[in-house]
Amino acid sequence: MNVSKLYEEWLEKAVGDPDLINELKEIRGNAEEINERFYKCLEFGTAGLRGVIGAGTNRMNIYTVGRATQGLADFLNSRFENPSAAIGYDSRIKSELFAKEAAKILAANGVKVYLFDELEPTPCLSFAIRRYHTDGGIILTASHNPGKYNGYKCYDRNGYQMTDEEAAQTYAFIQKVDYFSGIKMMDFDEALERGLIKYIGEETVEAFLDEVQMQCVEPEAVKKAGLKVIYTPLNGTGNKPVRKILDRIGVNSVFVVPQQELPDGNFPTCPYPNPEIKQAFECALEMTEDIKADILLATDPDCDRVGIAVPDKNGEYVLMSGNEVGAMLLNYLLSRKKANGTLPENAVAVKSFVSTDLAEKIAQKYGCSFKNVLTGFKYIGEFITMLEAQGKENEFIMGFEESYGYLAGTHARDKDAVVASMLICEMAAYYKTLGKSLVEVMDDIYGEYGYYKNIVKSYQFDGAAGMEKMARIMENLRSAPPTEMSGLKVLFFDDYKTGVSENTQTGEKRTIGLPKSNVLSFKLEDGNGLIVRPSGTEPKIKAYVTAVGENMNAATELADRLLKIADTYMEA
């Protein structure tokens, strides 16, 4: 790839957005900055693009979005007669611009577009795809990444992100498209007038909320509890729908963080708008000096993830992990449905295989079967769709990922922080009527099932050199896997890229039976383990540590030791 030639071509032709030309002029003569923007094209990983907003083939801009959309249009036209697609977007910088550019391109290619008339959560897009029976969908979002990022995710006609096979086929079409001469486009207003673009209005969002509300289990408990909630949408899309659903079920004391209430892609008070980290709760925590809330709630910018903080017995607010909330929600839904006589005979729950094994133990108690899938909520959506095809969708209890994504109900096929926020608040209200905080509930669960400490650590590898190092780390672990960690034997070495699980004690090998993925898993003695997985959309590797102990201190100590071992692997 001739970086200098690409730079000059973009400087000449990228006139559709003045911001890009200004950026390119500013970096003239700076070889490092030019190389970072042009040394590669943004990869279509996990059915979409994600990158820093800016000029170049390795940035999110109207041309990289346009090229991806033209490729998607070509894919849809190759698969369907008179195809259609739904488009949504969040509060990020240029999300609305990118959404309208995509709509213009799809319309020019004969793909009918259903476009949300304002920013909405990602699960609303999933719902709209199914409501309008479209053949695909696009959401413009970078989830919980810093404000300099944006992203573009493609969905299939079932309402979940494209499968790997469909994504590969779409990417093949994308690679044939020239950034400047290969994209068909029509005027937006003309497309509206001709009915090629149709706005999705409030009635669809209300229908979505109707479906969400149907997942209530103990509505009377909410009315009795007098729950106080401090909520932050982190300047994203959750502000309206989350507040509406909480009001619907009777949570009337909701105090919204004013600095983070309105959409703002710069995220001025939370540079990392990620409900997994404490920083996202700083403004909410300040409000607790005046408002003694029962729960702090934070949804990420596209409102598909939710995090919580709750007071402990000393009144100090404690952040609960995604694994803990997932385990608690599953325990709550199963226990209350069983008590109410609404638990299906063949109930089933699902989680990503990197999420806590504690959930499986909880499911066993209630006779609920369990399914582990690869990381990526599309695999949970795919499983629900399979149940639906068999007429068994009502058997689905919930699905979750440790990264703060949850879904109850089958109205969407992606993680949904609207339904999760509602159920978390309902759960907190129910236990409040019993005189228990969620911290105490979690302690009870650990006391019954064992103490699990799950830690996820991300290792960042920026730039071209970083990508090479990531590949080297994975290859080193794959070719020379460790046989022990912190005195614990590695019992099984699972390579999801080859699809082979090896019993390291006997040498016996078996097929894993899941789609191929660049993931390595080391299962240790006594239920402990380490999983190493590169991100499909970001320049990072994640290490997932599971430690089991006779008490939380013992589990935490072991988890820390295993994490230090993971640190050494990342130095390769």
With sequence neighbours left out, what residues match A420 under side chain to side chain contact (heavy atoms under 4.5 Å, CB included)?
V306, Y406
Which residues share a side chain to side chain contact (heavy atoms under 4.5 Å, CB included) with K540, sequence neighbours left out
S458, Q460, S535, E538, K542
For Y114 and T204, what are the C-alpha separation, side-chain angles and deciding distance, and is it a side chain to side chain donor-acceptor pair (under 3.5 Å)?
CA-CA 11 Å; Y114 296 87; T204 295; over 6 Å; no
Partner set under side chain to side chain donor-acceptor pair (under 3.5 Å) for N150, not counting sequence neighbours
S95
Identify the two heavy atoms, one from [X] and one from [Y], that lie closest to each other, and give their separation to 0.1 Å.
| X | Y | result |
| --- | --- | --- |
| L42 | G51 | CD2-CA, 4.2 Å |
| L49 | T64 | CD1-O, 3.8 Å |
| A412 | P123 | CB-O, 3.9 Å |
| P146 | P273 | CA-CD, 4.2 Å |

Would you kindly say whether [X] and [Y] are connected by a side-chain donor-acceptor distance under 3.5 Å?
| X | Y | value |
| --- | --- | --- |
| Y231 | T299 | yes |
| E401 | Y379 | no |
| T356 | N454 | yes |
| Y155 | T134 | no |
| T269 | Q259 | no |

Are F281 and Y317 an aromatic pair by the rule of ring centers under 6.0 Å?
no
Residue set satisfying salt bridge (charged side-chain N to carboxylate O under 4.0 Å, His left out) with R336, at least two apart, ordered chain then number -> E218
Should the pair [X]-[Y] be classified as a salt bridge under the 4.0 Å nitrogen-to-oxygen rule?
| X | Y | result |
| --- | --- | --- |
| E96 | K100 | yes |
| R243 | E261 | yes |
| R157 | E166 | no |

A quick test of your reading: do over 12 heavy atoms of other residues, nucleotides or ligands sit less than 6.0 Å from [atom1] of [X]?
| X | atom1 | value |
| --- | --- | --- |
| E165 | CD | no |
| M214 | CE | no |
| K244 | NZ | yes |

Applying ring-ring contact (aromatic ring centres under 6.0 Å, His included), can you list everything that pairs with Y430, at least two apart in sequence or on another chain?
Y332
Tell me every residue that passes ring-ring contact (aromatic ring centres under 6.0 Å, His included) with Y63, counting only those two or more places apart in sequence or in another chain.
W10, F180
Does [Y] offer a backbone N or O that forms a donor-acceptor pair with the side chain of [X] under 3.5 Å?
| X | Y | answer |
| --- | --- | --- |
| T237 | P301 | yes |
| N109 | I105 | yes |
| D294 | K228 | yes |
| E426 | V217 | yes |
| T375 | S352 | no |

Check the pair D300, Y404 against side chain to side chain donor-acceptor pair (under 3.5 Å), reporting the backbone distance first and the verdict last.
CA-CA 10 Å; D300 69 344; Y404 293 60; over 6 Å; no
F44 and Y171 aromatic ring geometry - parallel, tilted or perpendicular at 30°/60° bounds:
parallel
